[in-house]
Amino acid sequence: MTNEGLALKAKYTLFMYHEPPVGWKHRNLFTFYKCLLQTRLQAGQGYGNTLKCVLTVYRNESLAGFFKGMSFPLASIGIYSSVVFGVFSNVQRLLSQLRHGDPATAPSLTDMTLASIVAGVISVGIGTPVELVKIRLQMQTQPYNKANVKLNSRVPGSPVYRGPIHCLRTILEKEGIAGIYRGNVAMLLRDVPGYCAYFIPYAMFCDWITPDGSMSPNPLSIWVAGGVAGAVSWAVCTPMDVVKSRLQADGVYLNQYKGILDCMLQSYQNEGLKVFCRGLMVNTVRGFPSSAAMFLGYELSLKAMKKCQTETNS
């Protein structure tokens, strides 16, 4: 595939986006229970594998246990997605303006990479507090059995937070602003390569499976390309996602890690390299349908907005 083909595809797939895609909230409802499994597998103890994790959560916490920590991410996901996609598209436009004097010029692969990096950096500012609250709520009934860990006043396994607002307020009171951004470096190291492995493979794969001569991808091409991009992105993100989850879960009942390097070292010493692949299957399985639905909703909503704008101007 040539750079011209990639640039052409990028022009009509990821260029003028400023609002959250239609499929984003439906995607969250569809896949959120897998997010809890991911967190428990990565930061929890005694689950072993995905099936055992599912059975343990259901047996101990019933069906409602799979949706712990859902309200805060669901309420903020529209803002988060708008910022990420808005930054990505506007950085591309800015780069095209600087390079070619025309913001409508199709972005190159380099432009898409730089835009992905900037989007990843900006996303951390919004995403870190949301991820922290979600993980704290998901992990607050997780038992801890290490005798050599200094426990907080709460009994491990008993609820600490009454809800997302109480969780956020408690962290602010006890740990300040720094506590709200616990795990931000790990999230930065996760999201920067993650968004590069998200936007670029989507444009490339969408271009590859779209028939020659077609000026826009069909819904099936969009769905498949979006699913592949999601799976690839999560495969790249998972090792650092494990570290981020452990750092953010740290502090519910215990204080185990001194920082990102200490977390990586302790995890490796206790569980070997395989620990950094925890939740990989859940992440990739979740990534395909969720990203497929998101990109399909994005493309269809973009076409609808362009059609409305054309009719308004005519």
Side-chain angles (χ1 to χ4, degrees), residues 1-24 27 80-123 191-233 236-237 287-288 291-314:
M1 184 185 65
T2 63
N3 282 339
E4 289 77 9
L6 177 59
L8 176 61
K9 187 60 62 183
K11 184 176 182 178
Y12 62 74
T13 55
L14 293 170
F15 200 74
M16 295 294 292
Y17 183 67
H18 297 280
E19 298 294 334
V22 171
W24 190 282
R27 175 206 75 134
Y80 179 84
S81 59
S82 294
V83 170
V84 169
F85 278 84
V87 168
F88 178 80
S89 64
N90 281 290
V91 169
Q92 286 190 133
R93 291 173 60 86
L94 175 62
L95 292 173
S96 294
Q97 176 69 42
L98 294 174
R99 291 177 185 272
H100 309 287
D102 182 7
T105 302
S108 65
L109 180 59
T110 301
D111 293 344
M112 293 182 67
T113 302
L114 291 174
S116 299
I117 292 172
V118 175
V121 172
I122 297 298
S123 72
D191 284 1
V192 168
Y195 278 118
C196 290
Y198 190 61
F199 291 120
I200 296 173
Y202 171 72
M204 294 177 67
F205 198 78
C206 202
D207 179 71
W208 181 57
I209 62 178
T210 300
D212 293 337
S214 177
M215 288 304 297
S216 63
N218 58 56
L220 179 60
S221 298
I222 296 169
W223 190 86
V224 173
V228 170
V232 170
S233 178
V236 171
C237 287
F288 191 98
S291 295
M294 191 277 292
F295 274 111
L296 182 60
Y298 155 69
E299 293 284 6
L300 294 179
S301 61
L302 182 62
K303 288 181 179 180
M305 287 187 287
K306 285 183 176 180
K307 182 178 179 180
C308 290
Q309 185 177 12
T310 302
E311 292 177 351
T312 301
N313 294 335
S314 62

> Any idea which heavy atoms bring Ser116 and Phe88 closest together, and the distance?
Replying inline: OG-CE1, 3.3 Å
>> Please give me the minimum heavy-atom distance between Ser89 and Gly86, naming the atom from each residue.
In response: OG-O, 3.1 Å
> If you round to the nearest 0.5 Å, how far is CG of Leu95 from OG1 of Thr110?
Replying inline: 9.5 Å
>> Less than 4.5 Å apart, side chain to side chain, heavy atoms only: is that true for Phe199 and Thr113?
In response: no
> What's the verdict on side-chain contact (heavy atoms from CB on, under 4.5 Å) for Thr210 and Asn218, showing C-alpha distance, side-chain angles and the deciding distance?
Replying inline: CA-CA 7 Å; Thr210 300; Asn218 58 56; 6.0 Å; no
>> Taking ring pair (Phe, Tyr, Trp, His ring centres under 6.0 Å) as the cut-off, I'd like each qualifying pair that reaches into residues 211-232, sequence neighbours left out, listed once.
In response: Trp223-Phe288
> Does the Ser96 side chain pair with the main chain of Arg93, one donor and one acceptor, at a distance under 3.5 Å?
Replying inline: no
> Which heavy atom in Asp111 sits nearest to a heavy atom in Gln92, and how many Å separate them?
Replying inline: O-CG, 4.4 Å
>> To the closest 0.5 Å, what do you measure between OH (Tyr202) and CD (Glu299)?
In response: 3.5 Å
> After noting the C-alpha distance and the side-chain angles of Tyr195 and Ser233, does the key distance pass the side-chain contact (heavy atoms from CB on, under 4.5 Å) rule?
Replying inline: CA-CA 7 Å; Tyr195 278 118; Ser233 178; over 6 Å; no
> Rounded to the nearest 0.5 Å, what separation is found between the CG atom of Leu300 and the CZ atom of Phe295?
Replying inline: 13.0 Å
> Any idea which heavy atoms bring Val192 and Gly120 closest together, and the distance?
Replying inline: CG2-C, 4.2 Å
> To the nearest 0.5 Å, what is the distance between CH2 (Trp208) and OG (Ser221)?
Replying inline: 11.0 Å
> About how many Å separate CD1 of Ile117 and CG of Asp191, when rounded to the nearest 0.5 Å?
Replying inline: 12.5 Å
>> Minimum heavy-atom separation for Tyr198 and Ala229, please, with both atom names.
In response: O-CB, 3.3 Å
> So, for Ser291 and Gly230, which heavy atoms are closest and what is the spacing to 0.1 Å?
Replying inline: OG-CA, 3.2 Å
> Considering the options Asn90, Val84, Val83, which one meets the side-chain contact (heavy atoms from CB on, under 4.5 Å) requirement together with Val87?
Replying inline: Val83
